[in-house]
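Here is the structure we will look at, set down as structure tokens.
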There are 2 protein chains.
Amino acid sequence: MRRMTARPGNAHQARLLKLLRDGGPNSRAQLGDQVDLSRSKLAVEVDRLLQTRLVVADGLAASRGGRRSHNIRLNPELRFLGVDIGATSIDVAVTNAELETLGHLNQPMDVREGPVAVFEQVLAMAAKLRSSGLAEGFDGAGIGVPGPVRFPEGVPVAPPIMPGWDGFPVREALSQELGCPVMVDNDVNLMAMGEQHAGVARTVADFLCVKIGTGIGCGIVVGGEVYRGTTGSAGDIGHIQAVPDGRPCACGNRGCLEAHFSGAALARDAMEAAQQGLSAELASRLETGGDLSAVDVAAAAAAGDPTALELIREGGDRTGQVIAGLVSFFNPGLVVIGGGVTGLGHTLLAAIRTQVYRQSLPLATGNLPIVLGELGPAAGVIGAARLISDHLFSPA
Amino acid sequence: MRRMTARPGNAHQARLLKLLRDGGPNSRAQLGDQVDLSRSKLAVEVDRLLQTRLVVADGLAASRGGRRSHNIRLNPELRFLGVDIGATSIDVAVTNAELETLGHLNQPMDVREGPVAVFEQVLAMAAKLRSSGLAEGFDGAGIGVPGPVRFPEGVPVAPPIMPGWDGFPVREALSQELGCPVMVDNDVNLMAMGEQHAGVARTVADFLCVKIGTGIGCGIVVGGEVYRGTTGSAGDIGHIQAVPDGRPCACGNRGCLEAHFSGAALARDAMEAAQQGLSAELASRLETGGDLSAVDVAAAAAAGDPTALELIREGGDRTGQVIAGLVSFFNPGLVVIGGGVTGLGHTLLAAIRTQVYRQSLPLATGNLPIVLGELGPAAGVIGAARLISDHLFSPA
DNA sequence: CCGACTTTCTCCACTCAGAGGACAAAGACG
DNA sequence: CGTCTTTGTCCTCTGAGTGGAGAAAGTCGG
């Protein structure tokens with residue numbers, strides 16, 4: 001089902017749409033206070049927006065001592081689809097035009113099964129959300145994939161952990177299937193956009209968003225805009241050398257950060273520790289579950305297991321050293337830590353903070369918050385919705 | 001002597017000024033081809049510019065088969081002053097409005113003597129250039145200093161190698177003395193702007209410019225604009241840890257890149273080698289000169305001295321490792337190596353390239369040139385002139 | 001219930017940026 | 001010398017945007 005959604009005709013309209021998205025319903029007068037246009041010009045642009053499907057006027061607001069104002073708001077029937085494809089699971093959410101999550105599904109899925117299988121799954125999840133009455137159709141969709149993307153075309157390029165996806169026309173294919181505009185980006189960039197839109201980074205122009213999951217990546221925001229680099233691989237910090245002559249990494253080098261600390265590395269280290277009898281706690285979990293994951297390490301740490309705590313602390317140290325270098329280089333106003341491994345919580349954060357504050361210069365760290373993401377697994381899908389909404393709310 | 005120079009009245013005029021600066025004299029028709037304005041509108045804006053001192057029309061160009069065109073050009077009498085204050089020397093140059101260098105002076109000076117002594121020197125050098133007939137007065141000046149700068153105010157903040165400068169109102173003081181607008185920036189950023197304007201980075205939007213001199217810094221250009229970070233310390237890579245538990249650094253940590261490779265570190269290592277009798281070449285230079293500097297190492301290396309070559313190679317390895325991390329993170333389209341140490345030439349470059357191409361992922365390095373700067377010591381002063389010209393050629 | 005005051009929104013006249021076409025100026029060329 | 005080409009100027013028209021007058025719709029005190 002294709003829905004024809006208009007795009008704003010000029011920069012003023014785009015500005016107004018974004019104000020309505022981020023600030024909710026507004027009167028014409030309130031909008032006028034924010035856009036520095038005369039009331040007459042504003043009225044013209046609002047009227048044009050009302051003629052599209054994008055914006056509606058419904059009802060009157062309570063009086064504030066004078067004539068009651070009309071409520072101008074984004075069409076409450078608009079629906080965006082946010083999709084976050086991780087290495088081991090898929091998140092799909094439906095939002096309204098104000099990017100409020102109306103429904104959210106999560107299913108395990110190995111991204112290595114390839115784009116066809118994955119998108120079958122994604123479409124099934126989208127259909128489920130739709131049939132539960134949350135949406136009749138979608139006006140746009142944002143997709144995050146765990147690897148570099150040639151952004152203008154929406155095509156993954158040379159993704160290390162999802163080889164079958166190289167060159168697959170994600171944007172085009174999904175646009176066909178869903179019958180709506182689609183934008184594709186790296187999952188880490190979407191997490192950054194999510195935290196920027198609705199999380200801890202709302203007021204910061206330049207920040208880093210480090211996502212530690214199966215792999216490690218970093219979203220870079222410069223002047224409020226995601227920076228993607230020359231070939232779309234900016235933020236790919238998992239293969240920065242953290243330990244000289246360290247562990248061998250899948251990329252062929254030794255000592256990569258990702259080889260020493262990530263969901264996969266942590267599970268491996270925990271297995272080793274359990275098998276060597278270093279931790280009764282981990283060993284017992286190994287018996288019950290058959291396999292250990294980062295979640296088991298988190299649980300063991302929460303139970304006070306010293307081996308698990310040491311694993312986390314060491315990983316945090318490595319990560320912190322790398323981040324310290326990035327902080328010196330980039331001088332961000334905020335560092336956000338997110339991804340699956342955030343379950344490790346304060347132990348991890350403390351280790352990272354210690355390294356950064358110790359190694360980077362005072363001018364760069366003096367006023368630098370290092371915090372966990374606020375949105376957890378929702379950051380990706382909110383970021384995805386934000387991506388497509390930014391696109392649709394820009395002049396055609 | 002104060003000269004009143006007008007600023008462009010709108011974005012069109014600013015655009016035209018920059019076209020004339022970067023492209024030289026042009027006819028109205030040629031300008032029209034580049035700015036996507038109607039010829040009538042263009043004529044209006046050009047006329048307004050002609051009414052200011054900024055632009056003049058002189059003479060007619062040769063015919064190209066029809067009516068001869070008027071030459072529109074920036075006023076050839078405009079003069080900018082470019083000042084590059086290094087740790088151990090000062091460069092001052094005069095340029096015309098097209099940023100062509102008309103005269104260039106260099107004098108040794110220790111920046112630690114403080115702002116008053118340094119600016120006395122700078123003003124003397126400027127006066128010398130002026131009295132040699134190159135300029136009657138200056139329409140603007142750009143100043144580079146070897147440390148972080150609070151850019152909007154033009155004030156150094158917490159500069160490690162020039163403690164006496166903290167908070168000194170460079171912009172205001174020099175603006176008073178010179179009687180013209182002044183902009184201040186980090187010397188590394190100016191080098192990047194110089195190479196962008198007239199050097200190897202002319203066509204690249206996102207690149208890094210690593211300057212290895214007394215210290216080490218890195219200019220970051222994002223989308224054609226210098227990125228300065230939240231507190232103005234972006235690019236301060238000298239204190240990224242290059243060697244775990246390595247040499248102690250002035251900053252209090254150990255193993256900083258700058259402690260292992262920089263003009264100062266190289267001189268120190270060469271002294272040690274000479275005193276330990278590891279290199280006859282270096283020892284003989286020690287006798288003649290009394291003290292060794294990076295220049296001696298470069299000369300010894302050129303003469304084939306294995307110890308000197310090894311010092312350079314090792315330093316290049318360290319630097320290359322750090323740059324490899326930055327390349328993974330930032331995914332630039334170009335890396336420029338500059339600064340005093342570039343005298344070490346191909347040995348250094350080869351070591352850096354080896355490390356970067358080996359350690360960073362193919363997607364980031366596949367099409368990544370790593371080259372020496374093209375402008376040498378002129379990069380800083382050209383960048384400084386570019387800085388002030390960008391400022392003056394923007395709408396007031 | 002009425003008049004004074006507020007706030008919101010609409011309408012209208014005026015200004016100015018900018019486009020586009022006609023045309024004048026000035027040269028090349030056969 | 002007439003025709004063609006290129007450059008530059010002039011004039012008219014459109015549409016964006018401003019600012020002010022005033023209508024619409026409310027609150028509040030007497």
Side-chain angles (χ1 to χ4, degrees), chain A residues 6-20 23-52 54-74 393-396, chain B residues 6-20 23-52 54-74 393-396:
Chain A
R7 302 264 298 269
N10 61 36
H12 294 312
Q13 292 176 26
R15 178 87 198 284
L16 290 172
L17 288 173
K18 286 174 186 170
L19 281 174
L20 290 172
N26 264 283
S27 68
R28 285 180 177 82
Q30 285 172 313
L31 288 172
D33 292 343
Q34 299 175 71
V35 293
D36 194 42
L37 283 177
S38 65
R39 275 176 304 175
S40 31
K41 177 57 178 168
L42 183 94
V44 169
E45 297 300 347
V46 169
D47 283 347
R48 287 183 189 159
L49 285 173
L50 287 170
Q51 283 168 25
T52 69
L54 291 171
V55 163
V56 299
D58 62 342
L60 296 170
S63 165
R64 297 190 344 209
R67 174 173 171 176
R68 295 168 63 190
S69 60
H70 293 271
N71 270 330
I72 309 291
R73 65 170 66 202
L74 292 173
F393 290 176
S394 298
Chain B
R7 302 265 298 268
N10 61 36
H12 294 311
Q13 291 175 28
R15 178 87 198 285
L16 291 170
L17 288 173
K18 286 173 186 171
L19 280 173
L20 290 170
N26 265 284
S27 67
R28 286 181 175 82
Q30 285 172 312
L31 288 173
D33 292 343
Q34 299 174 72
V35 292
D36 194 42
L37 284 177
S38 66
R39 274 178 306 176
S40 35
K41 176 59 177 167
L42 183 95
V44 170
E45 297 300 348
V46 169
D47 283 348
R48 287 183 189 159
L49 285 174
L50 287 170
Q51 283 168 26
T52 69
L54 291 170
V55 163
V56 299
D58 61 341
L60 296 172
S63 165
R64 297 192 342 208
R67 176 173 171 177
R68 293 168 66 190
S69 59
H70 294 271
N71 271 330
I72 309 290
R73 66 169 67 202
L74 291 174
F393 289 176
S394 298

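By convention in this document, chain letters (A, B, ...) are assigned in the order of the sequence lines, proteins followed by strands, and residues within each chain are numbered from 1.
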Taking [atom1] from [X] and [atom2] from [N], how many angstroms apart are they, rounded to a whole number?
X	N	atom1	atom2	answer
B/I72	D/dG8	CD1	P	7 Å
A/L37	C/dC9	CG	P	15 Å
B/H70	D/dT6	NE2	P	18 Å
B/L42	C/dG20	CG	C1'	14 Å
B/D47	D/dC10	CG	P	9 Å
A/K41	C/dC14	NZ	P	20 Å
A/E45	C/dT10	CD	P	14 Å
B/R28	D/dC10	CZ	C1'	14 Å

Measure the [atom1]-[atom2] distance between [X] and [Y] for me, rounded to the nearest 0.5 Å.
X	Y	atom1	atom2	answer
B/E45	B/N10	CD	CG	4.5 Å
B/L20	B/L31	CG	CG	5.5 Å
A/F393	A/Q13	CZ	CD	12.0 Å

Among C/dA17, C/dC12, D/dT9, the one nearest B/R48 by side-chain distance: C/dA17
Where A/S394 and A/A14 come nearest, the two heavy atoms and their spacing: CA-CB, 4.3 Å
Nearest heavy atoms of A/A6 and A/L54, plus distance in Å: O-CD1, 3.3 Å
Helical bend (five base pairs per end, nearest 10°) for the helix from C/dC1-D/dG30 to C/dG30-D/dC1: 10°
Donor-acceptor pair present, A/S40 side chain and D/dG17 base, under 3.5 Å: no
Per-nucleotide protein contact string for nucleotides 21-30 of chain D, where B marks a base within reach and S marks sugar-phosphate only (heavy atoms under 4.0 Å, - for neither): --BBBBS---
CZ (B/R64) with more than 12 external heavy atoms under 6.0 Å: no
Electrostatic pair B/R28:B/D33 at N-O distance under 4.0 angstrom: no
With A/L37 via side-chain contact (heavy atoms from CB on, under 4.5 Å) - residues at least two apart: A/H12, A/V35, A/K41
Check: B/V46 and B/L16 side chains under 4.5 Å, non-hydrogen atoms: yes
Sugar-phosphate only, base, or nothing, as touched by B/S69 at under 4.0 Å among non-hydrogen atoms: sugar-phosphate
Any B/H12 side-chain N or O less than 4.0 Å from OP1/OP2 of C/dA17: no
